[in-house]
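Have a look at the structure below, then the notes.
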Amino acid sequence: MAAVRVEAVLAAAEEQEAEKRRSITVEKELELEYDLGNLLAVDRNPPPAAALRGAGPRREALLQALARDNAQLLVSRLWELPAERAGGAGGPLVAQLPEPTFRLPREKPPPKPRPPTRWEQFARLKGIRRKKKTSLVWDEQAKEWRRRWGYRRAGGDPSRAWLAEVPAGADPEEDQFARLRREKRERVARNELNRLRNLARAHRAGSAVPAAPLHPTGHQDRDELRRVARVARVSTASLGRFQPRLPKESAEPPSRSGGKKRRFEPLLGNLAAERSRQLELLRDMGSKKPVLDITRAVNKQLRQEEAEAAAANKGKKQSKRGKRGRRQQRPGRSGKKSGARRQPQQQKAAGGGTGRSRRKKA
């Protein structure tokens with residue numbers, strides 16, 4: 001009895017060992033194609049068509065078994081790669097993946113490069129390379145590590161210090177704290193102006209219509225600066241609604257086109273106004289009296305005809321006057337001499353007229 005029990009236990013152990021070997025040993029007619037860089041395995045073996053017909057538990061079980069076998073083959077290949085411990089001897093085992101062979105497509109097109117700023121263009125021209133600085137520096141006054149820029153930076157804000165040094169050659173009576181505050185406001189305003197110019201330049205570069213050129217040296221008049229500020233303001237997603245306003249700037253944010261913003265009535269909600277508009281339109285269509293003002297139209301037509309007739313008469317008079325002047329004028333003589341010679345003839349004609357009148361009286 002005891003021997004039978006030992007044999008059963010050994011048979012069960014052997015069956016379990018064979019099941020484990022079957023779970024990690026997969027046999028395929030055609031070997032899979034692997035791309036370990038992308039963790040990809042391509043199975044070229046055709047699945048049994050009879051088992052995949054219809055939708056039932058047999059089909060689901062076959063698909064699950066096929067996916068498990070392919071995943072087992074991929075994992076077995078990954079264990080053959082060279083591996084190392086990450087973070088020391090007690091770290092996890094990490095495999096070194098080779099370079100991928102399949103080129104996977106992108107979901108979206110690559111982003112377009114942004115236009116370079118004025119500083120980037122100047123640095124490229126002069127060969128200036130950017131040096132990365134650490135964000136923390138040692139503050140000698142506070143004896144601790146602080147941020148290089150921003151709130152509670154190392155050294156603090158000079159305009160908020162309790163002591164300010166008077167520079168050499170400066171007026172000893174000048175308020176140094178006011179000077180520091182004024183210089184800080186000027187720096188902030190200059191940086192804001194440069195930011196607006198960069199936005200305007202990027203907006204002009206992306207637009208199809210070329211805009212008026214801007215002087216890079218900063219010699220712009222008031223109209224150009226106003227136009228640059230408007231273009232930079234409407235370049236944001238909110239069309240400048242949440243941008244801080246500059247001094248002496250209108251509270252109404254400018255539109256993208258520069259004109260007044262059109263307002264349309266809502267399609268739903270105001271039924272009374274819609275009903276009144278429709279009734280007025282039907283009343284005008286059904287009325288016998290035309291909507292057109294006939295009197296005003298006739299007067300307009302009469303004025304137009306009178307203007308055309310006056311223009312035609314003026315042209316005829318000018319042409320006749322020109323012909324008469326060309327006939328009377330002789331070559332080589334001025335108008336004054338011809339007029340002086342015509343004067344006795346006019347007087348003679350006038351005298352003959354008086355003689356006839358005297359004879360009639362006699």
Side-chain angles (χ1 to χ4, degrees), residues 37 86-87 94 96-100 103-161 164-165 167-168 176-177 179-221 224-240 242-247:
V94 179
Q96 299 179 2
L97 298 179
E99 292 294 331
R103 185 178 179 182
L104 300 179
R106 290 179 58 95
E107 179 185 1
K108 297 180 180 179
K112 298 180 180 179
R114 62 175 180 82
T117 60
R118 288 183 58 192
W119 166 249
E120 292 176 351
Q121 295 177 0
F122 178 77
R124 186 182 304 171
L125 181 63
K126 297 295 183 179
I128 301 175
R129 295 184 179 180
R130 183 178 180 181
K131 297 180 180 179
K132 188 175 181 181
K133 298 181 180 180
T134 58
S135 59
L136 297 178
V137 293
W138 178 256
D139 191 357
E140 293 292 342
Q141 298 179 359
K143 302 299 180 182
E144 63 179 3
W145 291 93
R146 287 191 175 183
R147 299 183 183 92
R148 186 184 297 272
W149 306 279
Y151 176 68
R152 294 193 62 186
R153 61 185 179 187
D157 191 356
S159 60
R160 295 185 178 183
E165 182 181 359
Q176 300 299 323
F177 296 99
R179 181 183 60 83
L180 293 175
R181 288 192 295 268
R182 183 175 64 256
E183 291 178 356
K184 183 177 181 180
R185 286 196 300 268
E186 292 176 357
R187 288 195 303 270
V188 171
R190 186 164 54 252
N191 293 337
E192 179 67 15
L193 180 59
N194 293 333
R195 187 184 69 85
L196 295 178
R197 287 177 180 172
N198 291 335
L199 289 176
R201 189 178 296 105
H203 179 77
R204 187 175 65 254
S207 61
V209 180
L214 295 178
H215 304 286
T217 55
H219 298 288
Q220 292 97 347
D221 55 2
E224 289 186 3
L225 292 177
R226 187 182 295 108
R227 179 175 57 82
V228 169
R230 182 180 62 82
V231 171
R233 180 177 293 276
V234 300
S235 298
T236 59
S238 62
L239 296 179
F242 303 103
Q243 289 292 108
R245 292 192 297 109
L246 298 175

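For R182, the salt bridge (Lys or Arg N to Asp or Glu O under 4.0 Å) partners two or more places apart in sequence, or in a different chain, are E174. In this structure, the salt bridge (Lys or Arg N to Asp or Glu O under 4.0 Å) partners of E140, at least two apart in sequence or on a different chain, are K143. For Q121, the side chain to side chain contact (heavy atoms under 4.5 Å, CB included) partners are P116, not counting sequence neighbours. Scanning for side-chain hydrogen bond (donor to acceptor under 3.5 Å, both in side chains) contacts around N198 gives R201, with sequence neighbours left out. Here A142 pairs with D139, E144, R146 under the side chain to side chain contact (heavy atoms under 4.5 Å, CB included) rule; sequence neighbours left out. Applying the ring-ring contact (aromatic ring centres under 6.0 Å, His included) test to W149 and every residue at least two apart in sequence or in another chain returns nothing. Among residues two or more places apart in sequence or in another chain, the side chain to side chain contact (heavy atoms under 4.5 Å, CB included) test is passed with R103 by none. For R147, the salt bridge (Lys or Arg N to Asp or Glu O under 4.0 Å) test picks out no residue, with sequence neighbours left out. Among residues two or more places apart in sequence or in another chain, the side-chain hydrogen bond (donor to acceptor under 3.5 Å, both in side chains) test is passed with R187 by none. By the side-chain hydrogen bond (donor to acceptor under 3.5 Å, both in side chains) test, E165 is found to be paired with no residue, residues two or more places apart in sequence or in another chain being considered. Remark: R195 pairs with E192 by the side-chain hydrogen bond (donor to acceptor under 3.5 Å, both in side chains) rule, at least two apart or across chains.
Here L199 contributes atom CG and N194 contributes atom CG; the two are 11.0 Å apart, rounded to the nearest 0.5 Å.
Taking each heavy atom of G37 and L97 in turn, the nearest pair found is O-CD1, 4.3 Å.
Residue Q96 places its CD atom among more than 12 non-hydrogen atoms of other residues, nucleotides or ligands, all under 6.0 Å distant.
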Show me the donor-acceptor pairs within less than 3.5 Å that the side chains of residues 122-136 make with the rest of the protein, sequence neighbours left out.
residue	atom	partner	partner atom	Å
T134	OG1	L136	O	3.1
T134	OG1	R148	NH2	3.4

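Taking the charged nitrogens against the carboxylate oxygens, E186 and R190 have no contact shorter than 4.0 Å, which rules out a salt bridge.
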